[in-house]
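Accompanying notes for the structure given below.
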Amino acid sequence: MNVVLLSDFSSLSTHMLDYAAMLFKNQDVNFTILHLESSCQKESLNKNHSIIFNQKLKKDRKFLESKGFDKKNIQTKLIVGPYIESIRHVIIKEQISLIMLGNSSKEIFSTGLFFDKKTLEIITKVKCSVVLVPEQAHLELPKTALLPTDFSITSEYSIFNILNLLPFVKQTNLSLLSTGHNKTLGPNRKQSKDLIYRAINSLEFKNIEEINYGSKVIGIKEFDIIMVMAKNLSIFQDLFSTSRPFLNSLEAPVLFLHDSKKL
């Protein structure tokens with residue numbers, strides 16, 4: 001499995017690296033630690049800046065080595081260019097299955113969501129599953145997972161394929177949260193629900209249960225990881241809008257699921 005770790009050398013990135021090391025301990029994984037500088041900064045970046053950034057990337061690599069990962073399975077990249085296009089290029093070239101990045105639990109973002117504009121663009125514009133690691137995320141394998149859905153998505157279900165590559169699934173209890181607000185499922189949603197269940201049941205979760213909207217919203221912090229179909233915009237807004245009461249803060253890691261078909 002090939003994983004990109006987006007680093008800006010902050011404490012949030014260090015915590016994300018620590019979480020990645022925990023999540024993939026004793027697993028067959030190749031890491032690419034990636035630092036991006038926007039193309040508008042290209043003129044101001046001199047040789048000394050490049051040396052400094054590469055030294056910081058080396059420090060991140062040493063951190064993963066200290067966690068037991070082999071140096072040959074860790075590469076570093078410094079790229080100056082358009083942010084999203086640069087990430088897309090790395091995803092294709094390195095055959096990346098997953099992106100990981102850190103997230104602040106304290107900042108107030110102009111997006112009206114629990115993350116900033118760059119993070120939003122990565123989640124919505126890059127065709128690759130993403131794990132967002134808040135600074136308060138515990139360094140332990142998830143044992144409980146929440147998947148909210150209104151069963152409105154009827155497109156490809158290869159979005160669940162990434163779960164076959166994640167080591168924690170077999171030890172995790174999955175709660176499928178129906179957010180249809182007790183509306184009767186129409187023919188399309190019923191078909192979609194059947195497809196989702198077929199996909200989910202083909203995975204090796206320890207246990208799967210369905211819960212209704214409102215029954216466990218207050219206890220959402222009990223879950224160790226939240227899984228979201230990134231293309232489901234209504235669920236996206238329900239979960240992550242700072243103006244709605246679903247979440248008081250983002251403390252658990254979030255896995256944004258994308259179609260895993262090749263670009």
Is a salt bridge present between Lys118 and Glu121, judged by a nitrogen-to-oxygen distance below 4.0 Å? no
Does any N or O in the side chain of His258 come within less than 3.5 Å of the main-chain N or O of Thr124, such that one atom is a donor and the other an acceptor? no
Report yes if the side chains of Val130 and Leu255 come closer than 4.5 Å at any heavy-atom pair, otherwise no. no
Indicate yes or no: at least one non-hydrogen side-chain atom of Ile208 is less than 4.5 angstrom from one of Ile200. yes
Under a 4.5 Å cut-off applied to non-hydrogen side-chain atoms, are Val3 and Leu5 in contact? yes
Would you say the side chain of Thr172 lies within less than 4.5 Å of the side chain of Thr144, judging by non-hydrogen atoms? no
For Leu146, the option from Leu177, Leu176, Leu174 that meets side-chain contact (heavy atoms from CB on, under 4.5 Å): Leu177
Sort out for me which residue in Asp28, Leu166, Asn164 forms a side-chain contact (heavy atoms from CB on, under 4.5 Å) with Met1. Leu166
If you look at every heavy atom in His15 and Pro134, which pair is closest and at what distance? CD2-O, 3.3 Å
On the 0 to 90° scale, with breaks at 30° and 60°, tag the Phe9-Phe53 ring pair as parallel, tilted or perpendicular. parallel
Can you check whether Phe31 reaches Val29 side chain to side chain, under 4.5 Å on heavy atoms? yes
Residue set satisfying side chain to side chain donor-acceptor pair (under 3.5 Å) with Ser7, at least two apart, ordered chain then number -> Asp60
So salt bridge (charged side-chain N to carboxylate O under 4.0 Å, His left out) across residues 163-172, not counting sequence neighbours, yields Lys170-Glu204
Strictly by salt bridge (charged side-chain N to carboxylate O under 4.0 Å, His left out), give each pair with a member in residues 74-83 just once, sequence neighbours left out. Lys77-Glu94
